[in-house]
Amino acid sequence: MSETARVRRRNRRRGSSSSRRYDMTVPSPCLFVCTFDGRPYCKGCYRNADEIRDWMIMSREQKLHVLDQLDARRKQDTARNLS
């Protein structure tokens with residue numbers, strides 16, 4: 001594949017930067033712990049790997065939905081550790 005074809009292909013994958021709109025109104029719940037230890041969720045923020053990876057491209061509504069789920073996950077984990 002020629003260099004020109006590679007550049008065109010890369011640009012097609014990226015899309016137009018002007019068409020991308022990232023929501024920055026909801027801060028990430030990341031605590032910089034990033035440990036799974038065999039759990040389905042991060043030990044620090046309680047997000048799963050997909051939620052961590054996709055956080056920057058999620059809409060505001062999606063992020064708020066994930067944050068609601070984190071509270072439930074944290075409570076469940078705390079209850080499991082207390083029993």
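If you read the sequence from its start, that first residue is 1, and numbering goes on from there.
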Tell me whether V26 is reachable from L70 by hopping between hydrophobic residues (I, L, V, M, F, W, Y) whose side-chain heavy atoms are closer than 4.5 Å.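 Same cluster: L70 reaches V26 through Ile, Leu, Val, Met, Phe, Trp or Tyr contacts under 4.5 Å.
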- Are Y46 and L67 connected, step by step, through hydrophobic side chains (Ile, Leu, Val, Met, Phe, Trp, Tyr) whose heavy atoms are closer than 4.5 Å?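 Shared cluster, yes.
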So which heavy atom on P27 is nearest to which on W55, and how close?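 Closest approach of P27 to W55, heavy atoms only: O-CZ2, 3.5 Å.
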- For Y22 against M56, the heavy-atom pair lying closest together: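 Minimum heavy-atom separation between Y22 and M56: CD2-O, 3.2 Å.
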Could I get the full list of salt bridge (charged side-chain N to carboxylate O under 4.0 Å, His left out) partners for R60, not counting sequence neighbours?
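Testing R60 for salt bridge (charged side-chain N to carboxylate O under 4.0 Å, His left out), a comparison that skips the adjacent residues, returns none.
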* Would you please name every residue forming a salt bridge (charged side-chain N to carboxylate O under 4.0 Å, His left out) with R47, sequence neighbours left out? =>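 Checked R47 against salt bridge (charged side-chain N to carboxylate O under 4.0 Å, His left out); zero matches.
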Side-chain donor-acceptor pair present, Q69, H65, cut-off under 3.5 Å:
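Judged by distance alone, the side chains do pair up.
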One pair to check against side-chain contact (heavy atoms from CB on, under 4.5 Å): D23 and M58. What are the steps and the verdict?
CA-CA 7 Å; D23 176 73; M58 287 182 178; over 6 Å; no
Query raised in the report: For T25, does its backbone N or O pair with a side-chain atom of K63 as donor and acceptor, under 3.5 Å?
Result: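 Not confirmed, K63 side chain does not pair with T25 backbone.
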Has N48 got a side-chain atom pairing as donor or acceptor with E51's backbone, closer than 3.5 angstrom?
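Yes, because the side chain of N48 sits within donor-acceptor range (under 3.5 Å) of the backbone of E51.
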Side-chain donor-acceptor distances from residues 30-45 under 3.5 Å, at least two apart:
unit_1, atom_1, unit_2, atom_2, d
T35, OG1, V33, O, 3.0
R39, NH1, D77, OD2, 3.2

